[in-house]
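Working notes for the structure below.
Values reported hereafter were calculated over all heavy atoms of this structure, with side chains retained and with hydrogens, waters and symmetry mates removed.
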Amino acid sequence: ARMKNSRRILAHSYLEIVLHRKMRCISTFYRSAQRRRQACSIPPEWMLNLSGRAAQSRAEYSAKILPAAFESLFHHFTDRICEQKTYNGYRLFAVDGSDLQIAANPQDADSFYPGANGQKSYNLLHINAMYDLLQHIYVDAIIQKSRKTDESAALTSMVDRSADKNVLLLADRGYEACNNLAHIQEKGWSFLIRIKDSSAGIASGLNLPRSNTFDIPFHLKLTNKQTNEVKCLLLDKNHYKRIPSKCRFDYLPAKSRKADPTQFFDLHFRIVRFPISETACETIITNLDKDAFPIQEIKHLYAMRWGIETSFRELKYSVTLLHLHSKKVDFIYQEIFAKLIMYNFCQMITQSVVIQQGKKKHAYKVSFSDAVHVCLRFFRGKISPPDVEALLMRYISPIAPAECFLVSSLRNLRSASLIEYHNFLHLHSPFFADFFFRFISFTLFSLKSAHRVFFTDSVCWLSLFTFKDTPHN
């Protein structure tokens, strides 16, 4: 790809512009492309053809790229990661969604939310992501506008178009639907999904024991017809189930005449319930083999699903997805997939670092937030490859044995006050409790000084004002 006498710019160079926003004029843009012309191997269809010699803004060049270009680049990069880590023969994928607030645009009714209680108006996007829990990379993503969010449709689309095999898909309660299970089963994958115990879930139509621990297999026949013969069959709740007409199910005809023969779809799974505390239990639906994956193994696997939650935090804060530079939705899509590519890029480099255990008491890992800065400098050509590992080795931290326990336990303290948080943390880790408390105190003081107060679903930030009741004023 000779660039000297051409006005064509490599997508690799354009990706650098979207990620870093360091180049302000077209001359600098061309120089960056020329520096990388020999190091890049990009398909011709990803080349950006620039017409005219006049300098134009980055937004005008962004408009010349199809919205699907960066999504295609994301899949192209991810598919070329050769290493595939497995757990008992399965690749572990987790699926979940996360909201992303963007600039207010009242003209976009599908994502616009007017301000309430003195807040400014805003627009909201929803990112549906599929995440590899063992390789710590995103393997697929679908972006939807908030008011048109359909997580189940996004899940089935990502499952159907995937080329991966021997996959175990983990998900939370929001993905509990017979149509989702059917798509995963027909794909040849396995699933492990937390379900509801209430009257609205799959378990509500089954005869289950009232004990806190059980593991029962089911072989359901699903139909969407409602004839007298079917009504008699439906009395056996543990073997027959009717799909209501308002519920989507892609493996049965949407409409049929009364004279047509009744069609059934066979769905195989087991429902597992186990206690997580003295007063709470979790219910899991899965099609994993009972002998190979007993209850304790099911508990361990579901706990691993938390990896996608921490990945969203790293994507938004460490890779700075929260700091968008565009206002138009098409350009924001480009930025989102560019940040997903950079996240996978940083994770692959970070995981390649070998940390010698030696006589260390604890296992160590590279701090991802620090590693991102090193990887960005390497990506921009400011660090040579031999120096990357040495720099990353400076940012290692011990893996706390109780880390997973603290995270899972804090999830249950949704409405706890700051005092309860402090007492809980002080019980398990006094040093971390003091650090956490001082950090929150400093953050709150900064927010109060800026006349900004935030409220979230997981933490009642109003309780943070009750410092006088704690020993750490």
task: Would you confirm whether R270, through its side chain, and D215, through its main-chain N or O, come within 3.5 Å as a donor-acceptor pair?
output: no
message: Quick check on Y87: does its OH atom have over 12 non-hydrogen neighbours (other residues, nucleotides or ligands) under 6.0 Å away?
response: yes
message: Measuring centre to centre across the rings, with the benzene-like ring taken for any Trp, is F191 within less than 6.0 Å of Y175?
response: no
message: Between F368 and Y343 (judged by ring centroids, cut-off 6.0 Å), do the two rings come close enough to count as a pair?
response: yes
message: Check whether D172 reaches the backbone of G174 with its side chain - one donor and one acceptor, N or O, closer than 3.5 Å.
response: no
message: Counting neighbours of CZ on R161 that are heavy atoms of other residues, nucleotides or ligands and sit closer than 6.0 Å, is the number greater than 12?
response: yes
message: I'd like to check the salt bridge (Lys or Arg N to Asp or Glu O under 4.0 Å) partners of K221; sequence neighbours left out, ordered by chain and number.
response: D266
query: Is there a side chain to side chain contact (heavy atoms under 4.5 Å, CB included) between L267 and K241 once you walk through the steps?
result: CA-CA 10 Å; L267 186 62; K241 181 180 179 65; over 6 Å; no
- prompt: For the side chain of D132 and the backbone of I137, is there at least one donor-acceptor N/O pair under 3.5 Å apart?
  reply: no
message: Using a 6.0 Å cut-off, check whether atom NZ of K316 has over 12 heavy atoms from anything other than its own residue.
response: yes
task: Taking the side chain as every heavy atom from C-beta outward, state whether Y333 and L125 have any atom pair closer than 4.5 Å.
output: yes
Side-chain touch T78/Y138, heavy atoms, less than 4.5 angstrom: no
field: Salt-bridge criterion met for D150 and K148 (N-O under 4.0 Å)
entry: no
query: Within 45° of the axis and under 6.0 Å from the centre of the six-membered ring of Y113, does NZ or CZ of R147 qualify?
result: yes
